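See below for the structure under consideration.
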There are 2 protein chains.
Amino acid sequence: MKKKYLDICQSITEQIRSGRIKPETYLPSENEMVKEYQASRETIRKALNLLAQNGYIQKIRGKGSMVLNTSKFDFPVSGLVSFKELAGKMSEPPQTILNGLSLGEAGGFIKKELQLEEGDLVWDVLRTRKMGGERIILDRDFLAEKHVPHLTGDICRDSIYQYLEKELNLNISFAKKEIIVEEPTDEDRSLLDLDGFQNVVVIRSHVYLNDASLFQFTESRHRPDKFRFTDFARRALH
Amino acid sequence: MKKKYLDICQSITEQIRSGRIKPETYLPSENEMVKEYQASRETIRKALNLLAQNGYIQKIRGKGSMVLNTSKFDFPVSGLVSFKELAGKMSEPPQTILNGLSLGEAGGFIKKELQLEEGDLVWDVLRTRKMGGERIILDRDFLAEKHVPHLTGDICRDSIYQYLEKELNLNISFAKKEIIVEEPTDEDRSLLDLDGFQNVVVIRSHVYLNDASLFQFTESRHRPDKFRFTDFARRALH
DNA sequence: CAGTGGTCTAGACCACCTC
DNA sequence: AGGTGGTCTAGACCACTGA
């Protein structure tokens, strides 16, 4: 199934990212794009709305679609991105250390978080992320065994998300996240280079598949000086 | 200008929030809604897409639109919400203290952040937010005088956003934000009840109007134990 | 198979901006 | 007045689900 509006969106995204279309200038009008892309106006508008949602353009009535400046806006923890995808956009390559991988019956806490039944099994994955020689992030993932029957150390050291989407064809769809600041646990102190920091930033996520079933609960614990979260937000319509 | 898809969206939102439509159940099909709301299917779909973006429903092909559980998901720092709007959803009423309000020529730092010209004026607003008797948040707002010619202490103590949107009819459209953790400044220590915390959480925002012009730069500094950010994120299409 | 949501179209009317 | 984006429509075909 090829989606025309996605093609158009990617085409324009590419032109903006490469600098062929400059910030503060206007895109061709929707009617011009209708001819250029051989698509109906609604299809063009679908593509443009995607760009607007992601902060690439601002549509201004009576004038046109202005390209926004997206530089300095390059660390998309926002959205739903795995560490490997994120790392690909960083200057220096990070490193993943697998500290633990086990499959077992869900305990009380995690059984509740993943809404599991009595006797359901869960994977417990513990990984450290190293950047610039220092252990900066501690990730603990819980994955429901009924959705992910098989998991290996190699997959965890590479990218779990890649495996789930490419191999298992799971459709990761949305997540609810919360960011808070906590005191370091003993585990944080032993597995991270905390350098005397009194706090860690904790991101807790519940991740859902296309059919709205919950399959993953993650806790990502960051050294505060290396933590940065950026977001593009549109004001809700009223 | 009445927008049918917004009416439909609000109608369904209201039914979900009030509990008349329960989580884990399906909405009527799009074709049924076409009759119910006397609208075309594309208009219905526009409304449903808004609901999906905001985490109210999950659309599942071949099955329907499932209502998601939105409880425990109640602190929308995400999106673009002013403190007053946020406070309205909290149990206990918070309090705003105005620590400073001045209009002056833009200095080097803020001139750059707000992309101002030589001689442009900016408002500098400093406010403390008190919750449960403790001073928890320190907000510093810079607003370009060319967009906001007039500002008073009463407006700052109430809600700047309300004034901008209701009185000045400014259309606040989008913001770029960043969240990081810093050491407290002397100002933080004197104006907040830091209780010995070694860090503050800082949210920096650049806020833009409908015509893509930058009009506000804000720094919001939070005591870490009272900070919480929640987010609903959909995975980017590929 | 019928029903669901996903994509696409061609055309209409409106509100806004600019000249 | 002419061009821009914003809303809405009626209809078509497709892909997926479940009985």
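All values derive from a computational prediction rather than experimental measurement. Just the heavy atoms: all of them, side chains too, but no hydrogens, waters or symmetry mates, feed the values below.
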**Item:** Any donor-acceptor N/O pair under 3.5 Å between dG3(C) base and Arg61(B) side chain
**Value:** no
**Message:** Under 3.5 Å, is there any donor-acceptor pair linking the side chain of Gln38(B) to the base of dC8(D)?
**Reply:** no
Starting at [atom1] of [X] and ending at [atom2] of [N], how long is that distance when rounded to a whole Å?
X         : N       : atom1 : atom2 : answer
Ile8(A)   : dC8(C)  : CD1   : C1'   : 10 Å
Glu30(A)  : dC16(C) : CD    : P     : 17 Å
Tyr26(A)  : dG5(D)  : OH    : P     : 10 Å
Gln58(A)  : dG6(D)  : CD    : C1'   : 14 Å
Lys59(B)  : dT7(C)  : NZ    : C1'   : 12 Å
Met66(B)  : dG5(C)  : CE    : P     : 12 Å
Asn210(B) : dA15(C) : CG    : C1'   : 13 Å
Leu50(A)  : dT7(C)  : CG    : C1'   : 13 Å

**Request:** Nearest-nucleotide wise, let me know which of Ile60(A) and Ile60(B) is further upstream toward the 5' end of DNA chain C.
**Result:** Ile60(B)
**Message:** Base, sugar-phosphate or nothing for Leu48(A)? Non-hydrogen atoms, less than 4.0 Å.
**Reply:** nothing
**Prompt:** Got a second to check how far Thr218(A)'s OG1 is from His206(A)'s NE2, nearest 0.5 Å?
**Reply:** 9.5 Å
**Prompt:** Roughly how far, to the nearest 0.5 Å, is CG of Leu151(A) from CD1 of Ile160(A)?
**Reply:** 5.5 Å
**Request:** Give a yes or no on whether the ring-centroid distance for Tyr208(A) and Phe215(A) is below 6.0 angstrom.
**Result:** no
For [N], does either OP1 or OP2 sit under 4.0 Å from a side-chain N or O belonging to [X]?
X        : N       : answer
Lys63(A) : dT18(C) : yes
Lys4(B)  : dC8(D)  : no
Tyr5(B)  : dT7(D)  : yes
Thr43(A) : dT9(C)  : yes
Lys46(B) : dG6(D)  : no
Ser29(A) : dT4(D)  : yes
Arg41(B) : dA10(D) : no
Ser40(A) : dA10(C) : no

**Asked** Going by an N to O cut-off under 4.0 Å, is there a salt bridge joining Lys111(A) and Asp120(A)?
**Response** no
**Message:** Can you see whether Ser220(A) engages His222(A) through a side-chain donor-acceptor pair at a distance of less than 3.5 angstrom?
**Reply:** yes
